[in-house]
Peer 1: 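One structure coming up, written as structure tokens, with questions to follow.
Both counts, for ligands and for their atoms, begin at 1 and track the order of listing. When a residue number appears, it is its place in the shown sequence, counting from 1.
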Amino acid sequence: MTQLLKGKPVADAIVESLKSDTNVLTTKKIEPCLALIRVGNKSDDVAYERAIVKRCNAIGITSRQIELPEDITQDAFLDELKKINEDQKVHSILIFRPLPKQLDEKVIEINIAPQKDVDCLHPENTAKLLMGDESGFIPCTPMAVMEIFKHYQIVLEGKNALVLGRSMVVGKPAALLLLQENATVTVAHSRTRDLDKITSDADILIAAIGRSEFVREDHIKEGAVVADVGINVDDQGNMTGDVHQEEVKTKAGAFTPVPGGVGSVTTAVLAKQVVKACKMQMLS
Ligand code: NAP
């Protein structure tokens, strides 16, 4: 029978373990603090921010919400970032992206303090991810996928894993994390030929391409574990993943639902990185 890899039990388990960490920090009068930098008022950003703040409150993490004007200049943004980088009460920083086009994300990435960079924007953290150096931070979404695999005891070692998508936010880090777990990893993208052949050989499939219900029954191997990262919202507000859930659920061995799968673990994973950043800065 196909196993449904729901996100909520994973997020709940992460939150419980973080609460004991924050309790220990409280006894030392340390309060982990996350700064959320939002430019403008995009509804997606506001909704994500609300979910993060709620999650943080429940764990004992303070969040500082910084809203900047939509037309902020690059210099003014960098000044704000510098202030937060230098504020010793703030242990971690999340910047909502994409940023308006007058802001150069490449410049901003190298200006965020690496020790506070819980969303893995700074090249130092990207390099640490590549090297498997655990003192860095991992982008939250691929980390959420790995937490789901760990929670449900999905064996990765020796398995053929396919990552669909090669973005810096999801696909590439997911591939590196799978490699660290000794999977044999293939990364497919928009120029990949004979995708059907590659997908049908995958024991583990992570779909992160942003194409609604792209992965069909024919694409997957019988019994495969399928993690659906996609979030696609149509004009009526209906959400679908990158996997055709109805078709895949009878053939897969296990799969993450959309909604209620990977997306519901992301804020818990972010909180985990905030607590890690705080401990590294305050206890070592
Ligand atoms: P992205 O930056 O647009 O990257 C999409 C990737 O998919 C690219 O590497 C692209 O290939 C590849 N691709 C596109 N069409 C393809 C096709 N027909 N066949 C094979 N590969 C194809 O997207 P992203 O930021 O990685 O996000 C991917 C999905 O995850 C989106 O649905 C997004 O909403 C979702 N997401 C979810 C969460 C969460 O918390 N669950 C967080 C972030 C993102 P090329 O490189 O060749 O262009």
Side-chain angles (χ1 to χ4, degrees), residues 5-8 10-11 14 36 42-52 54-55 94-99 105-106 109 118-121 126 129 137-149 151 161-178 185-202 205-216 218-220 226-235 237-245 248 255-273:
L5 306 174
K6 285 190 184 170
K8 189 172 182 306
V10 184
I14 294 171
L36 297 155
K42 270 197 268 117
S43 58
D44 285 1
D45 292 348
V46 173
Y48 187 33
E49 181 177 304
R50 204 177 297 129
I52 293 170
K54 190 172 167 206
R55 180 74 85 190
L94 181 95
I95 301 172
F96 292 93
R97 290 172 301 151
L99 290 164
E105 290 194 12
K106 287 276 160 249
E109 283 168 8
V118 285
D119 205 21
C120 191
L121 300 186
T126 309
L129 173 63
F137 299 100
I138 297 168
C140 293
T141 302
M143 186 171 162
V145 174
M146 299 306 283
E147 290 283 350
I148 290 174
F149 289 161
H151 182 91
L162 172 66
V163 182
L164 268 179
R166 56 174 168 179
S167 71
M168 287 298 289
V169 188
V170 192
K172 282 180 189 162
L176 290 169
L177 294 170
L178 287 164
V185 184
T186 304
V187 181
H189 45 78
S190 66
R191 315 281 174 90
T192 299
R193 290 191 196 149
D194 298 327
L195 189 62
D196 292 15
K197 256 190 237 155
I198 301 171
T199 52
S200 61
D201 199 31
L205 192 153
I206 299 179
I209 57 174
R211 301 270 182 275
S212 175
E213 300 186 327
F214 178 90
V215 177
R216 312 292 298 247
D218 290 348
H219 282 120
I220 66 160
V226 180
D228 189 353
V229 173
I231 299 177
N232 309 289
V233 183
D234 69 15
D235 294 344
N238 303 310
M239 190 193 288
T240 51
D242 289 347
V243 176
H244 196 297
Q245 306 258 323
V248 163
F255 73 100
T256 63
V258 175
V262 178
S264 49
V265 184
T266 318
T267 55
V269 161
L270 173 64
K272 188 170 176 173
Q273 308 232 72

Peer 1: Starting from atom 46 (O) of ligand 1, what is the nearest protein heavy atom, named by residue and atom, and what distance separates them?
Peer 2: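 Minimum-distance protein heavy atom for atom 46 (O) of ligand 1 reads Arg166 NE, 2.7 Å.
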Peer 1: For atom 47 (O) of ligand 1, what's the nearest protein heavy atom and its distance?
Peer 2: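 Result for atom 47 (O) of ligand 1: Ser190 OG, 2.5 Å.
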Peer 1: Can you pull out the closest protein heavy atom to atom 29 (C) of ligand 1? Residue, atom name and distance to 0.1 Å, please.
Peer 2: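 Ranking protein heavy atoms by distance from atom 29 (C) of ligand 1, first comes Gly210 N, 3.6 Å.
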Peer 1: If you have a sec, work out which protein heavy atom is nearest atom 42 (C) of ligand 1 and how many Å separate them, to one decimal?
Peer 2: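 In this structure, atom 42 (C) of ligand 1 has Thr141 OG1, 3.0 Å as its nearest protein heavy atom.
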Peer 1: Among protein heavy atoms, which lies nearest atom 35 (C) of ligand 1, and at what distance?
Peer 2: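 Atom 35 (C) of ligand 1 sits closest to the protein heavy atom Val229 O, 3.5 Å.
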Peer 1: Testing Val169, Val163, Ile206 one by one against Val229 for a side-chain contact (heavy atoms from CB on, under 4.5 Å), which residue passes?
Peer 2: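 That would be Ile206; it is the only one of Val169, Val163, Ile206 passing the side-chain contact (heavy atoms from CB on, under 4.5 Å) with Val229.
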Peer 1: Are there more than 12 heavy atoms of other residues, nucleotides or ligands under 6.0 Å from atom NZ of Lys42?
Peer 2: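 Enclosed: over 12 neighbouring heavy atoms sit under 6.0 Å from NZ of Lys42.
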Peer 1: If you have a sec, work out which protein heavy atom is nearest atom 2 (O) of ligand 1 and how many Å separate them, to one decimal?
Peer 2: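 Nearest protein contact, heavy atoms only, for atom 2 (O) of ligand 1 is Ser167 CB, 3.4 Å.
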Peer 1: Below 4.0 angstrom from a heavy atom of Thr266, which ligand 1 atoms are there? Numbered from 1 as shown, please.
Peer 2: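 It comes down to these atoms of ligand 1: 40 (O).
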Peer 1: How are the rings of Phe96 and Tyr48 set relative to one another: parallel (under 30°), tilted (30 to 60°) or perpendicular (over 60°)?
Peer 2: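 Ring orientation, 0 to 90° scale: perpendicular.
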Peer 1: Side chain of Glu105, backbone of Leu99: donor and acceptor closer than 3.5 Å?
Peer 2: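 Yes, the answer is positive, given that a donor and an acceptor are paired below the 3.5 Å cut-off.
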Peer 1: Counting each atom of ligand 1 from 1 as listed, which ones have a heavy atom of Asn232 under 4.0 Å away?
Peer 2: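 This gives 32 (O) as the contact atoms.
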Peer 1: In Å, rounded to the nearest 0.5 Å, how long is the span from CG of Asp228 to CD1 of Ile209?
Peer 2: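 If I round to the nearest 0.5 Å, the distance is 9.5 Å.
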Peer 1: Taking both backbone and side-chain atoms of Arg191, is any N or O found less than 3.5 Å from an N or O belonging to ligand 1?
Peer 2: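 By distance alone, the answer is no.
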Peer 1: Measuring from the heavy atoms of Ala208, does anything fall under 4.0 Å of ligand 1?
Peer 2: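 Per 4.0 Å heavy-atom rule, Ala208 contacts ligand 1.
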Peer 1: Consider side-chain contact (heavy atoms from CB on, under 4.5 Å). Of Leu129, Val265, Val269, which one does Met143 pass it with?
Peer 2: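 Answer to the side-chain contact (heavy atoms from CB on, under 4.5 Å) test with Met143 among Leu129, Val265, Val269: Val269.
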Peer 1: Nearest heavy-atom pair of Val187 and Gly165: which atoms, and what distance?
Peer 2: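 Looking at all heavy atoms of both residues, the shortest contact is CG1-O, 3.7 Å.
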Peer 1: Would you indicate which of Ile206, Val163, Val169, Val170 comes nearest to atom 44 (C) of ligand 1 when only heavy atoms are counted?
Peer 2: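 Ranked by closest heavy atom to atom 44 (C) of ligand 1, first place is Val170.
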Peer 1: Could you identify the single nearest non-hydrogen protein atom to atom 21 (N) of ligand 1 and state the distance to 0.1 Å?
Peer 2: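 Going by distance alone, atom 21 (N) of ligand 1 is nearest to His189 C, 3.1 Å.
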Peer 1: Can you tell which of Asp234, Val233, Asn232, Ile231 makes a side-chain contact (heavy atoms from CB on, under 4.5 Å) with Ser212?
Peer 2: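 Answer after filtering Asp234, Val233, Asn232, Ile231: Asn232.
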Peer 1: Do Asp242 and Leu164 come close enough that some side-chain heavy atom pair is under 4.5 Å?
Peer 2: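 Not touching, per the 4.5 Å side-chain cut-off.
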Peer 1: What protein heavy atom is closest to atom 12 (C) of ligand 1, reported as residue, atom name and distance in Å?
Peer 2: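 In this structure, atom 12 (C) of ligand 1 has Ile209 CG2, 3.7 Å as its nearest protein heavy atom.
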